[in-house]
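Shown next, in structure tokens, is the structure this report addresses.
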Amino acid sequence: MSGTEKPSRKHQLETIATRLFKEKGYTASSMRDLANEVGIEAASLYSHIKSKEEILRNICFRMADQFFAAIDVIESKPIESMAEKLERFIVAHTEVITRDTEATLVFINEWKHLSEPFYSNFVDQRHRYESRFIEVLRTGIDRKEFLPIDEKFVVLTILSSLNWIPNWYKPEGKMSPKEIGQQLSRMLIDGIKSDSRQ
């Protein structure tokens with residue numbers, strides 16, 4: 001076996017497993033199901049992956065890395081307006097979740113099946129990601145850009161709205177991920193801007 005065959009097979013397994021997890025749910029998807037989809041004996045899977053959970057971990061933490069990388073790029077550039085920064089965060093989040101909607105839905109819906117210490121690690125990363133949004137809101141409130149609102153409530157509302165996108169997003173649709181993010185950000189941010197108060 002050459003050095004390139006195993007990674008290629010592993011990638012194939014992860015791609016098929018992602019679809020199975022998305023369609024059937026993590027707990028209802030078995031290694032036998034995966035083997036049948038690939039067309040090999042179930043025992044042969046273990047020469048490529050250690051467990052079903054290894055695939056789930058790879059999906060969840062790979063996507064978490066993508067979310068952090070996307071906002072790190074934004075943080076590295078000077079932006080004076082917190083409204084603009086929040087819009088860029090929203091667009092970046094939208095672009096990540098539409099890149100691979102099957103992996104995104106597994107990430108959103110199945111992470112709770114991670115075992116320790118991965119579960120706690122994932123929850124910690126999730127809180128750290130939310131805190132980056134909260135900090136933008138808090139700074140905007142301090143600068144009187146935003147209304148004095150509950151930052152965590154607003155962030156959870158924003159992320160919940162964005163995380164529903166993979167359920168209806170179509171790559172061939174009228175709007176690109178960036179355009180979707182921009183339109184949603186206008187709707188969400190306009191409601192909390194201090195100058196929108198009547």
Side-chain angles (χ1 to χ4, degrees), residues 18 21-23 25 59-112 114 119-198:
T18 300
F21 295 170
K22 181 252 182 181
E23 292 175 353
I59 295 167
C60 289
F61 288 102
R62 180 174 65 246
M63 289 213 62
D65 288 344
Q66 291 174 13
F67 283 117
F68 278 107
I71 62 174
D72 282 345
V73 171
I74 297 167
E75 295 274 22
S76 69
K77 300 174 182 177
I79 303 174
E80 292 186 8
S81 163
M82 289 302 103
E84 180 185 355
K85 189 170 189 177
L86 183 56
E87 177 180 348
R88 292 192 187 184
F89 271 33
I90 289 171
V91 170
H93 188 95
T94 303
E95 290 177 330
V96 172
I97 64 174
T98 53
R99 199 171 293 153
D100 181 346
T101 55
E102 288 189 336
T104 296
L105 288 169
V106 172
F107 169 86
I108 292 170
N109 298 321
E110 306 298 331
W111 64 269
K112 58 186 174 291
L114 291 168
Y119 178 92
S120 293
N121 189 337
F122 183 87
V123 170
D124 178 64
Q125 289 199 39
R126 181 174 173 171
H127 289 162
R128 287 193 293 111
Y129 183 73
E130 291 171 0
S131 72
R132 303 280 286 274
F133 280 76
I134 289 171
E135 185 57 34
V136 174
L137 281 165
R138 189 167 292 144
T139 303
I141 292 169
D142 290 343
R143 295 182 180 182
K144 310 298 183 186
E145 287 187 47
F146 300 139
L147 297 170
I149 44 177
D150 184 312
E151 303 100 326
K152 186 168 184 179
F153 171 77
V154 174
V155 168
L156 293 178
T157 299
I158 289 172
L159 293 178
S160 294
S161 299
L162 298 179
N163 289 344
W164 186 252
I165 292 172
N167 290 285
W168 54 262
Y169 171 73
K170 301 294 181 186
E172 67 276 11
K174 293 181 180 179
M175 292 190 292
S176 68
K178 183 176 182 179
E179 290 169 332
I180 292 170
Q182 288 173 332
Q183 291 218 17
L184 281 172
S185 67
R186 292 188 193 107
M187 294 166 55
L188 295 164
I189 296 172
D190 283 351
I192 62 173
K193 282 183 178 178
S194 59
D195 61 1
S196 67
R197 192 197 304 266
Q198 299 300 315

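Keep in mind that the numbers below use all heavy atoms, side chains included, and drop hydrogens, waters and symmetry copies.
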Hey, could you give me the OG/CD distance between S176 and Q182, rounded to the nearest 0.5 Å? 7.0 Å
Atom of S81, atom of E145 and distance for their closest heavy-atom approach: OG-OE1, 3.4 Å
Sub-4.5 Å side-chain heavy-atom contact between E23 and L105: no
To the nearest 0.5 Å, what is the distance between CD1 on I180 and NZ on K174? 12.5 Å
Taking T101 for the side chain and T98 for the main chain, is one N or O donor matched with an acceptor at less than 3.5 Å? no
Nearest 0.5 Å, what's the CZ-CD1 distance between R186 and I90? 11.0 Å
Can you name the nearest heavy-atom pair linking K193 to L147, along with the distance? O-CG, 3.7 Å
Scanning both residues in full, the closest heavy-atom pair of G25 with E110 reads CA-OE2, 3.7 Å
Output the distance between atom CG (D72) and atom CZ (R132), rounded to the nearest 0.5 Å. 4.5 Å
Quick check: do L184 and S161 have side-chain heavy atoms less than 4.5 Å from each other? no
Nearest 0.5 Å, what's the CZ-CD distance between R138 and E151? 4.5 Å
Has K112 got more than 12 heavy atoms of other residues, nucleotides or ligands less than 6.0 Å from its NZ? yes
By the ring-ring contact (aromatic ring centres under 6.0 Å, His included) test, which pairs, at least two apart or in different chains, include something from residues 71-100? F67-H93, F89-F133, H93-Y129
Within-4.5 Å side-chain heavy-atom neighbours: N121 and F61: yes
Does any N or O in the side chain of S160 come within less than 3.5 Å of the main-chain N or O of T157, such that one atom is a donor and the other an acceptor? no
Answer yes or no for R128 and F68: cation-pi contact, defined as NZ/CZ to six-membered ring centre under 6.0 Å and angle to ring axis within 45°. yes
Closer than 3.5 angstrom, by distance alone: can the side chain of T104 be matched with the main-chain N or O of I97 as a donor-acceptor pair? yes
For a salt bridge (Lys or Arg N to Asp or Glu O under 4.0 Å) check, start with the C-alpha distance between E84 and R88, then their side-chain angles and the critical distance, and finish with the verdict. CA-CA 6 Å; E84 180 185 355; R88 292 192 187 184; 2.5 Å; yes
Residues V91 and G181: closest non-hydrogen pair is CG2-C, 3.7 Å
Side-chain heavy atoms of F107 within contact of F21, under 4.5 Å: no
Does S194 use its side chain to pair, donor to acceptor, with the backbone of K144 at less than 3.5 Å? yes
Determine the minimum heavy-atom distance between V106 and K22, stating which atoms define it. CG2-N, 3.7 Å
Is any side-chain heavy atom of K85 closer than 4.5 Å to a side-chain heavy atom of E75? yes
Compare every heavy atom of I141 with every heavy atom of P148, then report the nearest pair and how far apart it is. CA-CG2, 4.1 Å
Any side-chain heavy atom of I59 within less than 4.5 Å of one from W111? no
Say you draw a straight line from CD1 of I149 to CD1 of I192; how long is it, rounded to the nearest 0.5 Å? 4.0 Å
